Participant: 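Please see the structure below; I have some questions.
Below, each value reflects all heavy atoms present in this structure, side chains not excepted, and no hydrogens, waters or symmetry copies. Position 1 is the first residue of the sequence, and the numbers go up from there. Since this is a predicted model, take the numbers as computed values, not measurements. Numbering of ligands and ligand atoms starts at 1, following listing order.
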Amino acid sequence: MPVNMISKLLEKAVLPGVDIAPPVKIGGSRRTGVLRNPNMEKLQKGYLFPEISIKHEEHLKKYPDAKVISLGIGDTTEPIPSIVASAMAEYALALSTREGYQGYGPEQGHKNLRKAIADKVYPDMGIKETEVFISDGAQCDIARLQMLFGPNVTIAVQDPTFPGYVDNGVIMGQTGKADSTGKYAGIEYMRCAPENAFFPDLSRVRRTDVIFFCSPNNPTGHAASRDQLRQLVDFARRNGSIVVFDSAYSSYVSPSSGAPASIYEIPGAREVAIEVSSFSKFAGFTGVRLGWAVVPDELLYSDGSPVSRDFDRVVSTCFNGASSIAQAGGLACLATEEGRDAVRRVVGVYRENARVLVDTFASMGKEVYGGADAPYVWVRFPGRRSWDVFAEILEKTHVITVPGSGFGPGGEGFIRVSAFNSPDRVVEACDRLKSFLA
Ligand code: PLP
């Protein structure tokens, strides 16, 4: 079948990156006797990005000819380097031969990819290949980690932060209901704002069992400094907590910034930290789906048993391993200098977009953060509500951003602007934003 026909068959239902289910007719349908999981009722509205897609759809209905530019969802746009795509194609074709066919792989991932991640992503950090669990993406690992922890743990999150940690915690039953500000009872929200260098005063943070910490942070674009991460690791060690460190954007850390790309650069982290990471923003694998989690051998529960043993059990029980084709692609990103250079070049495109966005907002006198170590730019609109700013920008410029409040109450008054688009569209969006904000 020609490639373009395959693409058509797989075409997304509504908008890039998001499939929206049609509304369910409830009125006349027969009900089952199954009780709804009460935790699902606690979740606020829909997941942020489908909400934005709905607004995008409505905008297109209102302005059918509008050339909408999305600097919103944070989905990659640049093609996967051919050295990586060819490795996946070769692997897939070999599956059609008797000699090349392979079925289930190890649930924890192929040994050579686990080793490549240990050696190339964590050089000199003492990470062993057996501590690396290959997955179908960081989002899925976050859900599996929440399943591992269960309903009885307490959690802390940065505010604002990626919504997956909180929403999975809610579904798991770790929280009470949300209050009028959107904060769930039982969760410790660690405010991260320009006023505290995007790092909480830990002397005021309540002890929790688990601390989700994302650096470089989505949405603020702030990469925690070495000193900040030292404080975090010390805090977790003093309190007997586990840090889940999300390094999905580590490949965007600028070599000159000095910010650690991994929590394992901090002494003592092996005994308190799990790291989740992803090929999504590193290699354009948002649709291919590949990520990993590192669970060090030294990380123990209060009864002395290793966390990795239980995680292995969760992975083997509810996940049969990442696609072997995706893993072949992942290996091609890491195994050779050529592969590493190719993915670095694509990251470089988005990094340059981020610089253009920061310059644009700065030139208009806006308070702008992030962008230097992350593909996200965080812009403050004092005294305004994020959703209002989002709506006004969309209405006047046909540019999609993300309202900061979607990442937690601490994001109110900000918008997140993503660098994930082609350079010419980013420049075009900047021109439109300049004329709107001037
Ligand atoms: N973690 C963070 C901080 C993210 O921003 C995202 C996606 O945007 C994910 C995890 C999910 O990554 P993946 O595509 O690997 O599931």
Participant: If only atom types and distance count, is the side chain of Asp373 paired as donor or acceptor with the main-chain N or O of Ser254 below 3.5 Å?
Facilitator: yes
Participant: Starting from the N and O atoms of ligand 1, collect every protein N/O partner closer than 3.5 Å and put each pair on its own line with the distance to 0.1 Å.
Facilitator:
| from | atom 1 | to | atom 2 | distance (Å) |
| --- | --- | --- | --- | --- |
| ligand 1 | 1 (N) | Asp246 | OD2 | 2.6 |
| ligand 1 | 5 (O) | Asn218 | ND2 | 2.8 |
| ligand 1 | 5 (O) | Tyr249 | OH | 2.5 |
| ligand 1 | 8 (O) | Tyr249 | OH | 3.2 |
| ligand 1 | 8 (O) | Lys281 | NZ | 2.9 |
| ligand 1 | 14 (O) | Ser280 | OG | 2.6 |
| ligand 1 | 14 (O) | Arg289 | NH1 | 2.9 |
| ligand 1 | 15 (O) | Ala138 | N | 2.7 |
| ligand 1 | 15 (O) | Ser278 | OG | 2.6 |
| ligand 1 | 15 (O) | Ser280 | OG | 3.4 |
| ligand 1 | 16 (O) | Ala138 | N | 3.3 |
| ligand 1 | 16 (O) | Gln139 | N | 2.9 |
| ligand 1 | 16 (O) | Arg289 | NH2 | 2.7 |

Participant: So, do Phe414 and Phe381 have ring centers that fall under 6.0 Å from each other?
Facilitator: no
Participant: Is there side-chain contact between Asn218 and Arg416, with at least one heavy-atom pair below 4.5 Å?
Facilitator: yes
Participant: Regarding Arg144 and the six-membered ring of Phe319, is the cationic atom NZ or CZ under 6.0 Å from the ring centre and inside 45° of its axis?
Facilitator: yes
Participant: Is there a side-chain contact between Val243 and Phe235 (heavy atoms, below 4.5 Å)?
Facilitator: no
Participant: Pick out which of Trp378, Phe198, Tyr376 makes a ring pair (Phe, Tyr, Trp, His ring centres under 6.0 Å) with Tyr369.
Facilitator: Phe198
